[in-house]
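To keep things clear, I will list the structure first and then write my remarks on it.
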Amino acid sequence: MAVQGNRGKTQEVLSSLPLQILFYLNGWYYVAFWICEALLFIYKGQTFPYPYSNIVGEVCLLFLVIPLEKMRLTLGKKGNLTERVVALLLSVLLGIAMVFCHIYLLIWQTYVLRAEIILNSIQLTFLGLEMIFSVIAIITFARADTYS
């Protein structure tokens, strides 16, 4: 698709629609994920003999990932729409940090329930797809800057 510029020049839109859809859907999924994860922590705290220091650390991690995920999604959305390589690259770097957070929640926390395995696997799938599409968009944007 071409967009008419100010001086009669046409400019091709390079933003990735699949990437933007993934960012949008992941935003909604992450809210549901966080609520379910918080409820699961309440359940685990009441049901299992959870060491106090472990549950405090894991709940802190759950609260720390909120601003990271918000920044990652915002940078990714804005970087894709404005075709900025730096914003998308920062989104990918924050995505790598989020992968490690979700791997911790999936494997290394004190008690891992089947529901958490499902929730974290879906989130890791979103992260993986977004990072793949982000790298493709970064390459597309960088190549377009080279040729213009």
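If you read the sequence from its start, that first residue is 1, and numbering goes on from there.
A continuous path of hydrophobic side-chain contacts links V92 to V85 [ILVMFWY only; heavy atoms under 4.5 Å]. Under a hydrophobic-cluster definition in which Ile, Leu, Val, Met, Phe, Trp and Tyr are linked whenever side-chain heavy atoms come within less than 4.5 Å, directly or via other members, L73 and V99 are assigned to the same cluster. Transitive grouping of hydrophobic side chains (ILVMFWY, heavy atoms separated by less than 4.5 Å) keeps L64 and M98 in distinct clusters. Cluster annotation: I139 and L19 are assigned to distinct hydrophobic clusters (Ile/Leu/Val/Met/Phe/Trp/Tyr, side-chain heavy-atom contacts under 4.5 Å, transitive). Under the 4.5 Å side-chain heavy-atom criterion for ILVMFWY residues, no single connected hydrophobic cluster contains both L25 and I132.
Using a 30° and 60° split on the angle between ring planes, Y24 and W28 fall in the perpendicular class, above 60°.
Looking at T125, its side chain does come within 3.5 Å of a backbone N or O of S121 through a donor-acceptor pair. Looking at Q46, its side chain never comes within 3.5 Å of a backbone N or O of I42 through a donor-acceptor pair. Remark: side-chain polar atoms of N120 are paired, donor with acceptor, to backbone N or O of E116 under 3.5 angstrom. Put simply, the side chain of Y29 gets close to the backbone of L119: a donor and an acceptor are under 3.5 Å apart. Between the W108 side chain and the I103 main chain, no donor and acceptor come within less than 3.5 Å of each other.
Scanning both residues, F23 and S134, for their nearest heavy atoms gives CZ-OG, 3.9 Å. Closest approach of L61 to C101, counting heavy atoms only: CD1-SG, 4.0 Å. The heavy-atom pair separating G79 from L88 by the smallest distance is C-CG, 4.0 Å.
Side-chain atoms of N26 and Q123, non-hydrogen and from C-beta on, do get closer than 4.5 Å to each other. The side-chain heavy atoms of S16 and F141, taken from C-beta on, include no pair separated by under 4.5 Å. Using a 4.5 Å cut-off on side-chain heavy atoms (C-beta onward), V65 and L105 make no contact. Side-chain contact check for E83 versus V13: some heavy-atom pair is nearer than 4.5 Å. Counting only heavy atoms from C-beta outward, the side chains of L113 and Y43 approach each other to under 4.5 Å. Residues Q109 and F41 meet the side-chain proximity criterion, which asks for heavy atoms closer than 4.5 Å. With contacts defined as side-chain heavy-atom distances shorter than 4.5 Å, the pair I55/K44 does not qualify. For the pair Y104/E58, a side-chain contact is recorded, criterion being any heavy-atom separation below 4.5 Å from C-beta on.
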Just do the side chain to side chain contact (heavy atoms under 4.5 Å, CB included) check on H102 and F33 with the steps written out, would you? CA-CA 11 Å; H102 287 287; F33 165 82; 3.4 Å; yes
Dump the intermediate steps for side chain to side chain contact (heavy atoms under 4.5 Å, CB included) on M71 and L68, then the final yes or no. CA-CA 5 Å; M71 283 190 305; L68 280 177; 4.0 Å; yes
